[in-house]
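Each remark here refers to the structure printed beneath this line.
Lettering of chains follows the sequences in order, A, B, ..., and the numbering in each one begins at 1.
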There are 2 protein chains.
Amino acid sequence: MTIGDVAAHAGVSTATVSRVLNGGLVAESTAAKVWASAESLGYSPNALTKSIFAGRSSTIGVIIRDLSSPFYLDLIRGVDEVAAANDSPVMLANTDRRTDREAAQVRAMDQHRVRGLITTADETADPQARRMAANGTPCVLVARTAPGLHSVSLDDVAAGLLMALHLAECGRSRVGVVSGSHRPTQVNRVQGLRQGLAESGLPQPEEVLVENEDEVDGAVGSLLHCVDAVVCTTGRLTVSVHTALTARGLKMPDDIGFLTMDEFPWAGALGISVVAQPSYEMGRRAAELVVEEPAVPERVVFQPTLVARGSCG
Amino acid sequence: MTIGDVAAHAGVSTATVSRVLNGGLVAESTAAKVWASAESLGYSPNALTKSIFAGRSSTIGVIIRDLSSPFYLDLIRGVDEVAAANDSPVMLANTDRRTDREAAQVRAMDQHRVRGLITTADETADPQARRMAANGTPCVLVARTAPGLHSVSLDDVAAGLLMALHLAECGRSRVGVVSGSHRPTQVNRVQGLRQGLAESGLPQPEEVLVENEDEVDGAVGSLLHCVDAVVCTTGRLTVSVHTALTARGLKMPDDIGFLTMDEFPWAGALGISVVAQPSYEMGRRAAELVVEEPAVPERVVFQPTLVARGSCG
DNA sequence: ATGAAAGCGCTAACAT
DNA sequence: ATGTTAGCGCTTTCAT
């Protein structure tokens, strides 16, 4: 089914059909004929071919590190919302935390001539992203910044400060922190926490860094002999850390304080206090940057909010 | 940057460049020249144009009813996994439970000439899907079947039976069930439950159907005067039902039994028993159907499994 | 108001 | 082994 078939069926030229389909100047009567033909032939315009002329597709590319994380999920929902409102399909790729996949995925997005790219990938793929940006494809970094590229991120230091403040208010004095990686988000959150604790006149935290989820239990155990509160700087490890705590029979907030990052569906039911980031809004904003294509790199920073539910006292 | 630019730079024809890029028969020396030119010009092949020739894109389309549901999330992960292994990008659309959006999204997928479509949409869009299927685009229904289309679904009746059996084994005698809609999955699960209870010599369940999450609390309340176990046939409402129960001070399993659908990250920590569906595997299988394009409509049915954690006794 | 024709970036015969 | 040429399905001048 091509535009040619429709043209033949309607007894007009392909140019006319194209005009009808795209709202050009055509006589009422011919337009009607064309619509009828298109209908009866079950014609479906080829979006791929259209994109060739535009030079790019209307698709928005999204590269996600970890599809199992609630944060990224909400991010996607936000992106999708804005994309849908702009008739832009969303092309999704999951690196599944395998950094070596990122380059290939960015390349794929580039080759599909996405209208813009929203990525949570590591620095590895930055040069490619920058090249895309130079060629007129807006690229938005999420949870990270880089020169020459847009970014949407959380004020991670503020998140750490918020945590420290809350712990201090709850009368906690010795805190242990579980972080998830060396990435800037994690480092900044811990830094904010340190700063906040210092400002509150509290001792610096005991820190463990955990890459793998199955190391959490041991790490938390090593923390426990000297702390009265455990904070977790990544939503990814919330379940594991919580489990490590409760498995030892510790009750919150009486035996131990617990504070973690990122809102999640069960937080309310479990009474777990969190420092939340507006992930859905961040997704929306990222997509808006793609749609609006600001000329100069924009760095959007969102503020975290504390949701106190009693797990710290 | 087109193939023509590369050809000019390398002093060969576009055909030769195309051959080099796609592994045709070319002299080592020319190939080297071409690669060098492509490299230095930063050439990136246009996947859109390629698809024109193939007649279709390599993209797999996925339409999801509800991106916030863990079930669909795992499904996507499965799809993405197989898609990535086949160099197929994934195009994602979220209907956000607005049935009226489905038709437009299926149409968009069609117009983008997706290689195949995996959809959780309602019957509304079936005629379009069937037309696509007729034109050679494999369409896979998830959690639903329809004549002429592939499908991947759970044995929902078995899920209900499993629930009934477990409740009976735990000594529950009067069960209340919260279902989420009139869709076949829900109906079949309840039917399986009824059948299982009957076979176990237990009375038929008290049933409430809840469309909106904020009606859950009232609905559960209305159930409570006469039941010693509550089952929820949709993972979407697990949190709400659980909250409705605990908010009334009911302890599981002593005061009330609780059993719900779909595995979720906190189930272990909370000791909630569930009947799980292999969502990730289902996603994989759906994508495989797209890739393999079986000539006749295939109906893949997965079996649910009980994960007993003590919330029923 | 409509058609003819050129061309978007690429591939695939068909030549040489 | 490489170039020439004719498309793929569509848009867009430029004529008429």
- Message: Would Arg284(A) and Asp80(A) count as a salt bridge (charged side-chain N to carboxylate O under 4.0 Å, His left out) here? Give the steps.
- Response: CA-CA 8 Å; Arg284(A) 287 192 56 99; Asp80(A) 180 274; over 6 Å; no

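Residues from residues 48-57 of chain A with heavy atoms under 4.0 angstrom of DNA chain C, sorted by number: Ile52(A), Phe53(A). A heavy atom lying under 4.0 Å from DNA chain C marks the following residues of residues 1-15 of chain A, by number: Gly11(A), Val12(A), Ser13(A), Ala15(A).
Looking at every heavy atom in both residues, Met109(B) comes nearest to Met91(B) through CE-O, 3.5 Å. For the residue pair Ser279(B) and Phe71(B), the shortest heavy atom distance occurs at CB-CD1, 3.3 Å. Across all non-hydrogen atoms, the minimal contact from Ser58(A) to Ser51(A) is N-OG, 4.5 Å.
Atoms CG and SG, from Asp126(A) and Cys139(A) in turn, are 9.5 Å apart once rounded to the nearest 0.5 Å. Here the CZ-CZ distance, from Arg285(A) to Phe302(A), works out to 6.5 Å after rounding to the nearest 0.5 Å. For the atom pair Met282(A) CE and Ile118(A) CD1, the distance stands at 11.5 Å (nearest 0.5 Å). Interatomic distance, Asp66(B) CG to Arg97(B) CZ, rounded to the nearest 0.5 Å: 4.0 Å.
Looking at Gln277(B) and Asp262(B), their side chains do bring a donor and an acceptor atom within 3.5 Å of each other. Using a 3.5 Å distance cut-off with no hydrogens or angles, the side chains of Arg56(A) and Thr137(A) do pair a donor with an acceptor. Using modelled atom types and a 3.5 Å distance limit, the side chains of Arg115(A) and Ser88(A) yield a donor-acceptor pair.
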Distance-only criterion, 3.5 Å: show the donor-acceptor pairs between side-chain atoms of residues 38-45 of chain A and protein atoms not counting sequence neighbours.
from     : atom 1 : to        : atom 2 : distance (Å)
Ser40(A) : OG     : Ser37(A)  : O      : 3.2
Ser44(A) : OG     : Asp110(B) : OD2    : 3.3
Ser44(A) : OG     : Arg113(B) : NH1    : 3.2

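Along DNA chain C, read 5' to 3', the first and last nucleotides having any atom under 4.0 Å from a heavy atom of chain A are dA1(C) to dC8(C). Read 5' to 3', the first and last nucleotides of DNA chain D with an atom closer than 4.0 Å to a heavy atom of chain A are dG9(D) to dT13(D).
When side chains are defined from C-beta on, Val62(B) counts as touching Ile64(B), because their heavy atoms get closer than 4.5 Å. Put simply, the side chain of Asp96(B) reaches to within 4.5 Å of the side chain of Arg101(B), judged on heavy atoms. For the pair Pro297(B)/Leu149(B), no side-chain contact is recorded, criterion being any heavy-atom separation below 4.5 Å from C-beta on.
The end-to-end axis angle of the helix from dA1(C)-dT16(D) to dT16(C)-dA1(D), rounded to 10 degrees and based on five pairs per end, is 40°.
Map Glu28(B) and Ser18(A) each onto its nearest nucleotide of DNA chain D; the residue landing nearer the 5' end is Glu28(B).
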